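Predicted model, so just to flag it, every value in this text is computed and none were measured. All heavy atoms count here, side chains included; hydrogens, waters and symmetry mates do not.
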Amino acid sequence: MTLVFLTPTSQLRLAAMFYRLALFTHMYRKQERLLPIAFGITVHKGARLLGRLLQAIYMPNNVYCIHIDKTSSKLFHRAVEAIIRCLPNVFIARTSSDVVWGHFSLVQAQINCMKELLESWIPWKYYISLVGQDFPLYDNKQIVIALQRLNNLNSIKSYPMLKLNECLQLSEVFKLRGNAIYNSSIPKSPPPHRIALYKVSTHIVVIREFVEFVIHSKIGKDFTEYLKDTYIPDETLYASLQQHPLARVVSMVTTNLDTTCFAMGSRGVPRGLGKASLLDFYRRFAMGTGTRNERETVCPQDSV
């Protein structure tokens, strides 16, 4: 199938246009300047959608890492390079992984971006993980408002892993054969550092200090290594590490976000959303399953 996309010249014009627009509007948004965000975006196709995503969330004071799957086409690579050519704070990850669902390669793709984002000259305060098919219904200003209400907390809705999940995902060694994962039936040792096992969605919103803990601490490194031969490790890594006592010192954890949501309005969270996490709420509306009345309740016009 042929990928239909804009010409390189059109891509450059589009990129330059929304960069200048963001730069102009940014002059009047001190609130946003005080809370720069790092985005890690994992993609393998859909350059046009990625361009729309960047146009929706781009601001000059943020930083964006794009991880392109190792199996993606050269045409897709060229399209992404054309999109970001005029955007100095958007870059493609130097190291690329062949991402297979359920395998550690998905975590590796995220870690590749995390490491490079920590090297960025932009002093970002929050990290948000996305995939190329995500799309926010709220602009950067509204995202910043929601993050400020977290008050330097992580937004990772996690719960203790059930014994059944632990048995299926972590009790034995899983190996990759081609693009399929299989159970080798080799018993696996318990987690290092007596880490309690928790489960969560792979999408996270976390403070910079937690990212540093995951990447640089011995606990983070050892647990990451432990998960390399497990099943669906992206649902285990961040949820479990955030519960470790040392991680909680650098990043207070919240699992009850009644006072926060993605694009919080003055009337707060609708009753039906209750304890929904920031990212659960974000993905719900990104998938278009929220009603118009709910969106207006969460994000009233007079509050943005």
Worksheet item: Cut-off 3.5 Å, side chains only: do Asn112 and Gln108 have a donor facing an acceptor?
Response: yes

Worksheet entry | Geometric class of the Tyr58/Tyr64 ring pair [parallel <30°, tilted 30-60°, perpendicular >60°] | parallel

Worksheet item: Hey, does the side chain of Tyr198 reach the backbone of Glu235 with a donor-acceptor pair shorter than 3.5 angstrom?
Response: no

Discussion item. For the residue pair Thr42 / Gln110, report whether a side-chain donor-acceptor contact shorter than 3.5 Å exists.
Written reply: no

Item to complete: May I ask you to decide if Val100's main-chain N or O and Ser105's side chain share a donor-acceptor pair within less than 3.5 Å?
Response: yes

Worksheet item: Side chain of Ser120, backbone of Ile122: donor and acceptor closer than 3.5 Å?
Response: yes

Practice prompt. Please report the closest heavy-atom contact between Tyr226 and Lys188, naming both atoms and the distance.
Written response: O-NZ, 2.9 Å

Worksheet item: With distance as the sole test, does Asp98 use its side chain to make a donor-acceptor pair with the main-chain N or O of Thr71 at under 3.5 Å?
Response: no

Worksheet item: Do the numbers put Arg52 on top of the ring of Phe135, so that NZ or CZ is under 6.0 Å from the six-membered ring centre and no more than 45° off the axis?
Response: yes

Practice prompt. Answer yes or no: is there a donor N or O on one side and an acceptor on the other, between the side chain of Trp124 and the main chain of Asn61, under 3.5 Å?
Written response: no

Worksheet entry | NZ/NE/NH1/NH2 to OD/OE distance under 4.0 Å, Glu225 and Lys221 | no

Worksheet item: Given the rule in the side chain to side chain contact (heavy atoms under 4.5 Å, CB included) test, do Asn154 and Ile204 qualify, once you have shown the distances and angles that lead to the verdict?
Response: CA-CA 8 Å; Asn154 289 342; Ile204 59 173; over 6 Å; no

Discussion item. With a 4.0 Å cut-off on N to O distance, would you call Arg94 and Glu119 a salt bridge?
Written reply: yes

Practice prompt. State whether the side chain of Lys125 and the backbone N or O of Leu34 hold a donor-acceptor pair below 3.5 Å, judged by distance alone.
Written response: yes

